[in-house]
Amino acid sequence: FSNGNNTIYYDNGTYNEQVSSTLSLTGGNFYWETKIESGIQDSYIGIYKSDDYTNGWVQDNVHYLYLQNGTKRNGNTSSSYGNSYTNGDIIGCAWNGTTGTIWFSKNGTWQNSATITEIANGTTTNSAFTGLSSATDGSAWLTFNSDYNNGKHSLNFGNGYFGTTAVSSAGINASGNGIFEYDVPTGFTALSTKGLNL
């Protein structure tokens, strides 16, 4: 880890290493971005339930991911979703904590024909996954990044940087809170301590 633990270098060549946020996605609408810096091998970006992290590993049936090859995955089940991504691409994630819905974008284009307006309005038709609310069991959702064998991800939770490089052209702010590369849906904010207090 480096740059305030927002840059992840995956140095293991035999299996995917998993990294999550320290703040949970409970009770709000949040947005964050991951830039694939280099060495992409087998990248996963998404969310998982906090109480399903055991023995240093997220159990297969509880993560909801956007994969490097453009598919989405729920546990061990993959299906068609969006475009593939590679080194240099920026993946945006928007989470609606009320409906338990997540959408993914690639370089500012929301996948599966979703639009920024429908995300802001809570329309779930073109989302990656919906109905994931944790209200009934009390568990929290955390961000999820995984890669291996020299893969490198830099995350932006609103500080305006990927590693030591500032965003190139800041999009519309997240409820006036946070600086991101691309426009953030109205009503969504940065996953940060300031964002949690909105």
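A quick note: this is a predicted structure, and the numbers were derived from the prediction, not measured.
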Self-check item: Distance under 6.0 Å and angle within 45° of ring axis: Arg73 vs Tyr64
Solution: no

| field | Phe188 and Trp103 aromatic ring geometry - parallel, tilted or perpendicular at 30°/60° bounds | value | perpendicular

- Query: Any donor-acceptor pair under 3.5 Å linking the side chain of Glu33 with the backbone of Phe162?
  - Reply: no

query = What do the steps show when you test Glu118 against Asn126 for side-chain hydrogen bond (donor to acceptor under 3.5 Å, both in side chains), and what is the final call?
reply = CA-CA 9 Å; Glu118 70 182 43; Asn126 297 315; 3.2 Å; yes

Exercise for the section: Without swapping roles, check the side chain of Asn29 against the backbone of Ala94 for a donor-acceptor pair under 3.5 Å. Expected result: no

*asked:* For the backbone of Thr99 and the side chain of Asn96, can you confirm whether one donor and one acceptor N or O come within less than 3.5 Å of each other?
replied: yes

CD1 (Ile45) and OH (Tyr85) are apart, to the nearest 0.5 Å, by 4.0 Å

Notebook entry, point to check: For Ser21, does its backbone N or O pair with a side-chain atom of Thr143 as donor and acceptor, under 3.5 Å?
Noted result: yes

Next item on the list: Give the C-alpha distance, both sets of side-chain angles, the deciding distance and a yes or no for side-chain hydrogen bond (donor to acceptor under 3.5 Å, both in side chains) between Thr123 and Asn121.
Entry: CA-CA 6 Å; Thr123 305; Asn121 291 338; 5.3 Å; no

Next item on the list: Could you tell me whether Lys72 sits above the aromatic face of Phe104, with NZ or CZ closer than 6.0 angstrom to the six-membered ring centre and within 45 degrees of the axis?
Entry: no

Just by distance, do the side chain of Gln111 and the backbone of Tyr81 share a donor-acceptor pair under 3.5 Å?
no

In Asn83, Ile40, Asn107, the residue satisfying side chain to side chain contact (heavy atoms under 4.5 Å, CB included) with Asp89 is Asn107

Using modelled atom types only, decide if a donor and an acceptor are shared between the side chain of Asp147 and the backbone of Tyr10 within a distance under 3.5 Å.
no

Assert yes or no for the condition that the ring centre distance of Tyr44 to Tyr66 is strictly below 6.0 Å.
-> no

- Contact check, side chains of Ser146 and Phe144, non-hydrogen atoms, under 4.5 Å: yes

Please tell me whether Thr164 and Asn3 have a donor and an acceptor in their side chains that are separated by less than 3.5 angstrom.
no

So NE2 of His153 and CG of Asn6: to nearest 0.5 Å the spacing works out to 13.5 Å

Taking atom types as modelled and ignoring hydrogens, do the side chains of Ser154 and Thr7 form a donor-acceptor contact shorter than 3.5 angstrom?
yes

**Prompt:** Step by step, would you call Gln68 with Thr86 a side-chain hydrogen bond (donor to acceptor under 3.5 Å, both in side chains)?
**Reply:** CA-CA 7 Å; Gln68 172 189 347; Thr86 190; 5.5 Å; no

